[in-house]
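Input: a single structure, listed below in structure tokens.
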Amino acid sequence: MLKKGAYIRRRFPSSYPERQTRYKKGKSKRQNRIIFVLFLNFEFQKSQQCVSVKMEASSLPIDSCSKEHQKIYRDWFNIADSDRDGRVTGNDGTKFFAMSKLSRQELKQIWAIADSKRQGYLGLKEFIVAMQLISWAQAGHEITFDILKSSVDLENIGLPAMEGVDALAAKKKDFATNGVHDINGSNHHQVPASAKWFTSKSSKKIPPSAVTSVVDGLKRLYIEKLKPLESTYRFNDFVSPSLTNSDFDAKPMVMLLGQYSTGKTTFIKHLLQCDYPGAHIGPEPTTDRFVVVMSGPDERSIPGNTIAVQADLPFGGLTTFGGAFLSKFECSQMPHPLLDQITFVDTPGVLSGEKQRTQRSYDFTGVISWFAAKCDLILLLFDPHKLDISDEFKRVISCLRGNDDKIRVVLNKAHQVDTQQLMRVYGALMWSLGKVLNTPEVVRVYIGSFNDKQINEADDPLGQDLFEKEQDDLLKDLLDIPRKACDRRINEFVKRARAAKINAYIVSHLKKEMPSMMGKAKAQQRLIDNLQDEFAKVQREYHLPPGDFPSVEHYREVLNNYNIDKFEKLKPKLVQAVDDMLGYEIPELLKNFRNPYE
């Protein structure tokens with residue numbers, strides 16, 4: 001079993017002295033432990049496995065696999081990938097894994113561990129994990145979910161015995177020679193068919209055979225079932241812009257919200273353990289724009305107008321907020337193992353006091369609401385000395401409605417107060433949040449100091465121990481995000497479908513209430529003025545949950561720009577198609593792409 005230092009020297013031989021200095025020099029014992037856990041675990045996430053915070057270095061299969069074995073595994077991957085889309089699906093996997101002659105129960109465990117994100121397919125890295133686990137099982141060892149936490153020396157595991165794979169490889173090679181296939185061990189593969197679905201002008205339905213994962217299935221259902229309903233009843237104007245291919249393929253996002261100088265930028269820097277392009281830290285409001293911190297080949301900042309028109313990034317919908325917002329939006333790219341898994345959204349400090357009287361040049365709460373719908377986690381940061389929730393902060397928290405399950409609260413800079421004061425600050429914070437969130441459930445609050453300053457352990461041993469435990473809990477919450485990304489995507493898709501149905505009912509109801517001949521202007525104004533009552537009528541007529549209805553004020557504002565008489569009447573077939581999708585097709589999709597051995 002390798003020591004931690006040996007693992008880093010082998011994994012990063014050229015940069016080890018620099019990293020050793022960065023992670024050890026001038027740090028407290030607590031900070032060194034947390035920093036090392038962060039660094040080690042997010043490197044392990046690159047192998048796309050479900051890992052824990054206490055994972056050992058020897059359990060990283062990809063990096064302990066020799067180059068010779070990697071080449072062979074790549075060739076096998078190309079053989080198993082029958083449709084050459086860079087993914088081994090359940091059908092492909094069952095056929096190829098059957099060559100191992102392992103039992104169905106063993107292969108079920110191996111697939112579950114390799115496909116930790118429940119996407120319904122294996123990429124190259126996950127495929128290599130599966131192959132190494134097959135070899136481990138063939139050696140007579142038991143396969144359990146704890147195997148990745150054990151001290152298994154995977155470096156010396158040989159290739160698994162796959163009966164008939166050599167003959168199949170020779171057959172594929174003959175096909176390649178004749179120009180039928182190109183099996184050359186390279187990483188180049190065809191672009192998945194789903195990448196063309198959103199640009200195709202064809203009205204034909206997408207064949208089920210083109211769906212090779214849960215995400216592909218959601219794309220197909222969106223185009224065929226949900227998007228027609230959204231387009232007919234202007235869902236993109238009232239609620240949310242239409243989805244694109246990049247919205248489904250985007251990495252999980254974490255958004256940070258809070259008043260100025262609560263440590264949002266420092267929090268991201270603390271997790272990355274380095275500066276990122278465009279980061280400015282100070283006691284004054286240093287972040288005056290929305291900054292998306294994401295993975296990229298090199299360190300650079302990209303202006304908002306440029307990033308919003310890139311089709312492979314999920315920010316095209318931000319163009320609806322106009323040039324005033326895009327001038328306050330930028331993307332910060334840099335290569336980092338953590339950013340390979342998660343994208344961070346740093347937001348401008350929420351205004352308070354006299355600053356609230358200065359109007360922003362764009363719809364601030366609208367942008368927050370847009371990001372909230374796409375984020376997997378929303379962190380509200382507070383400073384112990386700034387617990388007051390300003391009017392703008394109240395509006396921001398209100399616009400997060402419908403995303404309550406994503407919200408976490410971080411009481412940052414807690415080292416600035418002693419233990420007794422911290423107890424009082426915590427109580428005051430919970431009281432303030434209770435008045436704003438208006439929910440009986442208690443929101444999860446993390447207490448800590450997410451910065452690089454040393455904390456004197458001798459002065460406050462209780463706070464020291466508390467900060468360690470709270471920080472570990474928050475890190476576990478962040479580490480769970482990539483693993484739960486697929487489930488979150490399904491959850492958000494279902495929420496969107498329900499919202500689109502309600503929007504269709506509202507729009508068609510307003511159309512029905514309009515007179516057929518005269519007095520249309522007065523009738524429209526009456527409907528807009530009494531919109532709350534009209535919502536209640538829709539709710540009673542279709543037996544809908546009142547909590548699912550949108551903001552009356554927002555709808556009223558949008559309706560002022562439209563002629564209600566031009567809206568469409570209710571088309572039951574479109575609504576029924578979405579009902580069938582929710583009731584039958586999504587459950588069937590999840591059934592088809594769960595563990596193929598179940």
Side-chain angles (χ1 to χ4, degrees), residues 45-49 61-63 65 67 69-97 99 110-111 113-134 162 165 168-169 171-173 175-176 179-200 206-220 244-252 295-297 310-314 340-341 482-483 485-486 489 589 592-596:
Q45 285 286 344
K46 293 178 72 177
S47 63
Q48 308 241 351
Q49 299 174 44
I62 301 302
D63 294 310
C65 179
K67 291 184 178 180
H69 284 187
Q70 287 188 36
K71 183 180 184 302
I72 294 173
Y73 287 143
R74 190 177 293 113
D75 292 338
W76 288 2
F77 179 80
N78 288 334
I79 294 173
D81 180 17
S82 60
D83 56 0
R84 306 288 292 142
D85 67 346
R87 299 182 287 193
V88 173
T89 61
N91 291 334
D92 293 335
T94 51
K95 293 176 183 177
F96 191 83
F97 290 2
M99 300 179 185
I110 289 171
W111 183 277
I113 295 173
D115 184 24
S116 61
K117 294 184 180 181
R118 296 181 65 249
Q119 298 179 109
Y121 66 89
L122 304 181
L124 176 60
K125 291 183 178 181
E126 295 94 341
F127 180 81
I128 294 177
V129 173
M131 289 295 100
Q132 291 186 311
L133 292 176
I134 287 176
M162 307 296 287
V165 69
L168 192 57
K171 186 178 179 180
K172 291 274 186 178
K173 189 175 182 180
F175 283 150
V180 179
H181 291 285
D182 178 24
I183 305 296
N184 54 16
S186 68
N187 281 323
H188 299 290
H189 53 77
Q190 294 178 357
V191 177
S194 60
K196 304 175 183 178
W197 295 350
F198 288 81
T199 57
S200 175
I206 299 163
S209 59
V211 177
T212 58
S213 70
V214 173
V215 175
D216 281 353
L218 293 179
K219 292 177 183 178
R220 181 180 68 86
T244 63
N245 197 54
S246 58
D247 289 314
F248 289 93
D249 298 327
K251 295 175 184 175
S295 178
Q310 293 192 21
D312 59 334
L313 296 177
D340 288 340
Q341 303 296 322
R483 183 169 60 88
C486 187
R489 220 171 251 119
L589 174 68
N592 290 339
F593 289 101
R594 66 185 181 185
N595 194 321

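Numbers here are sequence positions counted from 1.
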*asked:* Under the rule for side chain to side chain donor-acceptor pair (under 3.5 Å), what residues qualify as partners of Ser295, not counting sequence neighbours?
replied: Asp340
*asked:* Just verifying a value: how many Å separate Thr244 OG1 and Asp312 CG, rounded to the nearest 0.5 Å?
replied: 10.0 Å
*Value rounded to 0.5 Å, distance of CE in Met162 from CE in Met131*: 4.5 Å
_Separation between CZ of Phe77 and CD of Glu126, rounded to the nearest 0.5 Å_ = 8.5 Å
*Is it true that Lys71 and Asp75 make a salt bridge, defined as a side-chain N closer than 4.0 Å to a carboxylate O?*
yes
*Give the intermediate values and the outcome of side chain to side chain contact (heavy atoms under 4.5 Å, CB included) for residues Leu124 and Arg74.*
CA-CA 7 Å; Leu124 176 60; Arg74 190 177 293 113; 4.0 Å; yes
*Specify the closest pair of heavy atoms between Ala114 and Ala130, including all atoms of both residues, with the distance to one decimal.*
CB-CB, 4.0 Å
*Under the side chain to side chain contact (heavy atoms under 4.5 Å, CB included) rule, collect the residues that match up with Ala80, sequence neighbours excluded.*
Val88, Phe96, Phe127
*If every non-hydrogen atom of Lys251 is compared with every non-hydrogen atom of Gln341, which pair is closest and at what distance?*
CB-O, 4.2 Å
*asked:* Measuring only between side-chain heavy atoms, which start at C-beta, is Leu122 closer than 4.5 Å to Trp111?
replied: yes
*Partners passing side chain to side chain contact (heavy atoms under 4.5 Å, CB included) against Ile72 (at least two apart in sequence or in another chain)*: Trp76, Leu159
*If you take all heavy atoms of Pro252 and Ala485, which pair is closest and at what distance?*
CG-CB, 3.7 Å
*How close do Ser213 and Gln119 get, heavy atom to heavy atom, and via which atoms?*
CB-O, 3.4 Å
*Which residues satisfy the salt bridge (charged side-chain N to carboxylate O under 4.0 Å, His left out) test with Asp247, sequence neighbours excluded?*
Lys374
*Side chain of Asp81, backbone of Gly86: donor and acceptor closer than 3.5 Å?*
yes
*Closest approach of Arg489 and Phe248, non-hydrogen atoms and distance?*
NE-O, 2.7 Å
*Atom CD1 in Ile134, atom CE in Met99: separation rounded to 0.5 Å?*
10.5 Å
*Residues which pass ring pair (Phe, Tyr, Trp, His ring centres under 6.0 Å) with Tyr121, listed by chain and number, not counting sequence neighbours*: none
*In chain order, what residues pass the side chain to side chain contact (heavy atoms under 4.5 Å, CB included) check against Phe593, with sequence neighbours excluded?*
Val211, Val214, Leu589
